[in-house]
Every structure is written in C-alpha cells, then in structure tokens.
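Excluded from the calculations below are hydrogen atoms, water molecules and symmetry mates; all remaining heavy atoms, backbone and side chain alike, are included.
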Amino acid sequence: MQANPNTGTLYIVGTPIGNLEDMTFRAIKILQAADYIAAEDTRHTGKLLHHFQIKTPQISYHEHNRHQRLPELIDKLLLGKSIALVTDAGMPGISDPGYELVKACADANINIIPIPGACACIVGISASGLPTDRFVFEGFLPAKGQERQLSLEALQIESRTIILYESPHRLRQTLQDLANSLGSDRQIVLARELTKMHEEFWRGSIESAIELYTTHEPKGEFTLIIAGIQTDAPIFSEDAIKAELQALIETGVTRSQASRQLAQQTSLPRRQIYQLALTIGDSESLEQPLDDL
C-alpha cells in the first residue's frame, strides 16, 4: 500500500552517538525544514539544534508520555505537517519508543522516510573483529527476574554474533550473568564511548572482562559484542524437541530424565527443554523438581 500523498511525512532522523562531526548534511536539512521535531529529551536535543543553528520547535516524545503524545503527533501528520523523529543518540526506534510512532504512521498510511545516521550496535560490531555476516541485536537485557533468566538461556544456543547494550552501573552484573549462562571462556568485545574522545575497544574472554572490571570502575555507555556458540550439534525446532521428549517419556523415563538426556544430545539448556516437557500430556506420577535439574 502506498502512502497517502495528502498527509505529512514522518522523517526518522539519525543523529550522532557522540561525535558531532558525524551529523549528516541531509539530517541538518531535514531538521531545519520540518514543522516539528519529536525528541526523546528536548533539553538534550536542544544542545544539538543550537550547535547546528536549527530553530525548529520541539515536541517531547519519550517512554513515559508516548501513549498521550502519539495521537497528537498522528493528528499533525494527517493535517499535512512534517515531523522529524530523533532520539538522544543514533537511529530512532532502536531501543526507544520510536517504533510505536513509526508503526502508527504505517497503519495510518502516512509517508515515512528514514534519514540514515550512526547506530552504536552497527558501529560496535563493524570494528569488533567478531563475525559480521550474521548477528542478532538484543538491546538491553531485561533488568531482573525470570524474564532476564529466560533471555540469557535463549542466548545459550545462539550461533550468531550477539550484540547487547549496557549501562556502566549494570555492566559487572551482566558480565557475571553472561559468564554463568554462556561460559566464562566465551569471547567478548566491550565497545565503550563509541565515537567519543575516550572511545575504546577491549577484546578477550568474559572471564578476563570480569577481572578487568573488578579492579576498574566501568565508565561510559557500553556495547557488548559476544561470539556466538561454536557447535556442530544440530539446532532442533520446538516441535522436534517435543516429539523427541514424548518418545523418551513413553519409554518410562520421567520428564526430568528425558530433559537431561536430550540436553546431552543437543546444544539446548536442560531448563529450557524441561519447560517444553511440562507442556506434554501427563504420563508421570512423580516429577523431579526443576531445581534438581
């Protein structure tokens, strides 16, 4: 479906992630010409606009006001106004609520034009030295609880290079969680303060990274690039795993025993297999607790 030519245009404008010299001529032109700039933090973006002498009015659009602000922005676009969406740094929509505005515009048949710029995950992996032909971007891991644990377990079988974002005050905990989940010898690159004066790429094992930041205070924003699992073991679909579990359970073993046996034959973690085993029809009178796996 083509966009309605009678509506305004949403421009997705990439801005520098540190070095202001990375600002593109096209981005400056669009920010100057737009009717409004939808900014994650108007004070932060205000400094950028002042530097490039851009006087376009701003509208705040961020995580905490997105539900109230989104209809207002859509109304302006439907009336023919142009809006440039920016985030604090990098490309909008990457680990910020920009996605919801873009989706709403697509649903309303509003024209959407991306204005490419720097993105920390791409900048980081490009200079990491780890494989770049296939990678997966996970953004920030869930802060805590089962959601975080499940995310880490899912990464255990990931063969592609993994990219994460992390703040300095959570780096140590994340490194320890990665060591527990992926193994302390897994190779990792810590890309810090990308494009800024103190830009740094540190390369080594997760264990070595933990040792480094046991004696050094993490500073700046981090992009973590992690090697994927190196294995010749086949990766099975969920349906295939369930079928194999069913076959094992029908031989008389418990769900826990079947999960343990299948984990030895695949690259999957036992807990993840056990969760699938629990979805299979009741054929056991006694279950081993998950904590005993």
[atom1] of [X] to [atom2] of [Y]: how many Å apart, nearest 0.5 Å?
| X | Y | atom1 | atom2 | answer |
| --- | --- | --- | --- | --- |
| Thr7 | Asn111 | OG1 | CG | 6.0 Å |
| Glu199 | Ile17 | CD | CD1 | 8.0 Å |
| Thr9 | Ile83 | OG1 | CD1 | 10.0 Å |
| Cys121 | Ile94 | SG | CD1 | 6.0 Å |
| Ile163 | Ile122 | CD1 | CD1 | 6.0 Å |
| Ser205 | Gln187 | OG | CD | 6.0 Å |

So, [X] side chain and [Y] main chain: donor-acceptor pair closer than 3.5 Å or not?
| X | Y | result |
| --- | --- | --- |
| Thr279 | Leu276 | yes |
| Asn65 | Ser60 | yes |
| Thr215 | Leu212 | yes |
| Arg192 | Pro218 | no |
| Thr174 | Arg170 | yes |
| Thr132 | Ser126 | no |
| Arg255 | Ile249 | no |
| Glu207 | Ala179 | no |
| Arg148 | Pro142 | yes |
| Ser151 | Leu141 | no |

For [X] and [Y], work out which heavy atoms get closest and say how close.
| X | Y | value |
| --- | --- | --- |
| Ser128 | Ile125 | OG-O, 2.9 Å |
| Pro114 | Arg26 | O-NH1, 3.7 Å |
| Leu152 | Leu182 | O-CD2, 4.4 Å |
| Tyr61 | Leu101 | OH-N, 3.5 Å |
| Ala84 | Leu31 | CB-CD2, 3.7 Å |
| Pro97 | Arg66 | CB-CD, 3.6 Å |

Do [X] and [Y] have side-chain heavy atoms sitting under 4.5 Å apart?
| X | Y | result |
| --- | --- | --- |
| Leu175 | Phe222 | no |
| Ile115 | Ile12 | no |
| Asn180 | Gln176 | yes |
| Ile226 | Glu158 | no |
| Glu193 | Glu200 | no |
| Glu153 | Leu150 | yes |
| Tyr165 | Thr223 | yes |
| Leu178 | Leu224 | yes |

Next on the checklist: With side-chain contact (heavy atoms from CB on, under 4.5 Å) as the criterion, how do Leu78 and Ile110 come out once you've worked through the C-alpha distance, each side chain's angles and the decisive distance to 0.1 Å?
Outcome noted: CA-CA 7 Å; Leu78 289 174; Ile110 293 170; 4.0 Å; yes
Between [X] and [Y], is there a shared hydrophobic cluster once you connect ILVMFWY residues whose side-chain heavy atoms come closer than 4.5 Å?
| X | Y | answer |
| --- | --- | --- |
| Val86 | Ile113 | yes |
| Met23 | Ile30 | yes |
| Val102 | Met91 | yes |
| Leu49 | Ile28 | yes |

Item to check | Stepwise side-chain contact (heavy atoms from CB on, under 4.5 Å) check, His198 with Lys196 | outcome: CA-CA 6 Å; His198 300 293; Lys196 300 178 183 178; 5.9 Å; no
Checklist entry - Where do Arg69 and Glu72 land on the salt bridge (Lys or Arg N to Asp or Glu O under 4.0 Å) test, with the steps shown first? => result CA-CA 5 Å; Arg69 189 70 81 188; Glu72 176 187 341; 3.0 Å; yes
Over 12 non-hydrogen atoms of neighbours within 6.0 angstrom of [atom1] in [X]:
| X | atom1 | result |
| --- | --- | --- |
| Phe52 | CZ | yes |
| Gln68 | CD | yes |
| Glu21 | CD | no |

Next on the checklist: Go through it in stages, so that I can follow the logic: the residues are Asp35 and Lys76, the test is salt bridge (Lys or Arg N to Asp or Glu O under 4.0 Å), and I'd like the CA-CA distance, side-chain angles, deciding distance and then a yes or no.
Outcome noted: CA-CA 10 Å; Asp35 291 306; Lys76 290 182 183 300; over 6 Å; no
Checklist entry - Do you see a donor-acceptor pair shorter than 3.5 Å between the side chains of Gln261 and Gln257? => result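 No.
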Item to check | Charged N-O contact under 4.0 Å between Glu166 and Arg172 | outcome: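 Result for this pair is no, no salt bridge flagged.
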Item to check | Test side-chain contact (heavy atoms from CB on, under 4.5 Å) applied to Leu77 and Cys105, step by step | outcome: CA-CA 8 Å; Leu77 288 160; Cys105 287; 3.5 Å; yes
Checklist entry - side chain to side chain donor-acceptor pair (under 3.5 Å): which pairs involve residues 36-50, sequence neighbours left out? => result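 For residues 36-50: Glu40-Thr87.
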Checklist entry - Given Gln149 and Asp177, is the side-chain contact (heavy atoms from CB on, under 4.5 Å) satisfied, shown in steps? => result CA-CA 9 Å; Gln149 183 60 36; Asp177 289 344; over 6 Å; no
